[in-house]
Amino acid sequence: MDILEKVRHWSASAPEHPAHISDRSLLTYRELETNSETLAAYLTALQPDNHLPVVVIGHKEPEMLVAFLAAVKSGHPYIPVDVSTPNQRIEKIIEISQAFICLTPLKVKELLAESTGPKLVSSARNIAPEDPWYIIYTSGSTGEPKGVVITTGCLESFVEWMLNEQLPRAGQEIFLNQAPFPLTSRSWIYI
């Protein structure tokens with residue numbers, strides 16, 4: 001399963017269908033695809049030749065999902081960080097990971113507002129199963145942040161398992177996500 005291809009599929013076949021709902025904010029599949037492409041073009045222009053991670057700080061805002069996909073589309077794994085994380089820990093994660101940029105929902109909105117429109121970048125990018133999709137930081141036994149790399153293959157296997165386990169009906173199911181980040185929720189990945 002190609003997660004980015006699934007998002008593109010739903011953007012084309014059900015563009016006004018909600019991909020993400022948070023508080024009173026709604027993000028459609030068209031907006032998710034268009035905004036993530038626009039932000040991916042910005043990230044590619046900013047840092048085209050390496051795979052340093054992108055830190056995304058927030059809490060369930062639609063812009064976080066846009067930033068997650070934009071990072072991957074531009075060849076960078078992302079590091080999700082909840083706003084409840086102490087500043088000292090965030091600074092340590094940035095230092096350890098060598099992230100080249102930190103994005104917040106407000107920064108994503110500003111960058112999208114400054115854009116002259118979407119520029120396609122992801123169609124040329126080939127993501128291999130062993131490529132990092134995201135990095136989650138844990139404390140481990142020492143209390144120091146440690147990055148755990150989640151590869152594309154691992155994420156796709158998990159999503160496939162979850163979909164086979166729950167058997168959602170495409171476009172008809174609403175999924176309540178109570179985890180800090182909507183990464184694997186079926187609310188935006190319909191097969």
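Below, all heavy atoms of this structure are taken into account, side chains as well, without hydrogens, waters or symmetry copies.
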Worksheet item: With side chains defined as the heavy atoms from C-beta onward, is the minimum distance between I3 and W133 less than 4.5 Å?
Response: yes
Worksheet entry | Whether D131 side chain and A128 backbone form a donor-acceptor pair below 3.5 Å | yes
Worksheet item: Between NE2 of H17 and CZ of R30, what distance do you get to the nearest 0.5 Å?
Response: 14.0 Å
Worksheet entry | Residues that T28 engages under side chain to side chain donor-acceptor pair (under 3.5 Å), provided they are two or more places apart | E31
Discussion item. Quick check for you: to the nearest 0.5 Å, what is the distance between L27 atom CG and E63 atom CD?
Written reply: 8.0 Å
Discussion item. Run the side chain to side chain donor-acceptor pair (under 3.5 Å) test against E160 and tell me which residues pass, sequence neighbours left out.
Written reply: none
Practice prompt. Report yes or no: does E91 contribute a side-chain atom to a donor-acceptor pair with the main-chain N or O of R89 at less than 3.5 Å?
Written response: no
Fill in: Pairwise side-chain contact, L155 with T151, heavy-atom cut-off 4.5 Å (strictly under)
no
Discussion item. Nearest 0.5 angstrom please: S36 OG to K73 NZ, how far?
Written reply: 2.5 Å
Discussion item. Measuring only between side-chain heavy atoms, which start at C-beta, is S22 closer than 4.5 Å to E61?
Written reply: no
Discussion item. Whether the side chain of H76 engages the backbone of Q47 through a donor-acceptor N/O pair (distance < 3.5 Å, no angle test) should be reported.
Written reply: yes
Fill in: Greater than 12 external heavy atoms within 6.0 Å of Q88's CD
no
Item to complete: Kindly assign one of parallel, tilted or perpendicular to the pair Y78 and F68, based on the angle between their ring planes and the thresholds 30° and 60°.
Response: parallel
Fill in: Closest heavy-atom pair and its distance - P80, I136
CG-CD1, 3.8 Å
Worksheet item: side chain to side chain donor-acceptor pair (under 3.5 Å) with E95: which residues, sequence neighbours excluded?
Response: none
Discussion item. Determine whether a donor-acceptor pair (N or O, by modelled atom type, separation under 3.5 Å) exists between the side chain of S97 and the backbone of I93.
Written reply: yes
Worksheet item: Counting only N and O atoms by type, is there a donor-acceptor contact under 3.5 Å from the side chain of D82 to the main-chain atoms of T85?
Response: no
Worksheet item: Say you draw a straight line from OG of S74 to CG of L69; how long is it, rounded to the nearest 0.5 Å?
Response: 10.5 Å
Response to the item:
Those residues at least two apart in sequence (or on a different chain) that pass side-chain contact (heavy atoms from CB on, under 4.5 Å) with A45 are none
Fill in: Short side-chain to backbone donor-acceptor contact, S11 and V7, under 3.5 Å
no
Worksheet item: Who pairs with E156 by side chain to side chain donor-acceptor pair (under 3.5 Å), at least two apart in sequence or on another chain?
Response: none
For residues 99-113, tabulate all N or O donor-acceptor pairs below 3.5 Å that involve a side-chain atom, not counting sequence neighbours.
{"residue": "T104", "atom": "OG1", "partner": "K107", "partner atom": "N", "Å": "3.1"}

Worksheet item: Heavy atoms, side chains only, cut-off 4.5 Å: are V66 and L39 in contact?
Response: yes
Worksheet item: Which heavy atom of V149 sits nearest a heavy atom of P132, and at what distance?
Response: CG1-CB, 3.5 Å
Worksheet item: Around atom CD of E16, are there more than 12 heavy atoms of other residues, nucleotides or ligands at under 6.0 Å?
Response: yes
Item to complete: Quick one: pull up CG in D2 and CZ in R8 and give me the separation to the nearest 0.5 Å.
Response: 6.0 Å
Worksheet item: Where do L65 and L32 land on the side-chain contact (heavy atoms from CB on, under 4.5 Å) test, with the steps shown first?
Response: CA-CA 8 Å; L65 187 53; L32 176 59; 3.9 Å; yes
Item to complete: Please test I127 against L4 for side-chain contact (heavy atoms from CB on, under 4.5 Å), starting from the C-alpha separation and ending with a verdict.
Response: CA-CA 9 Å; I127 301 173; L4 295 179; 3.3 Å; yes
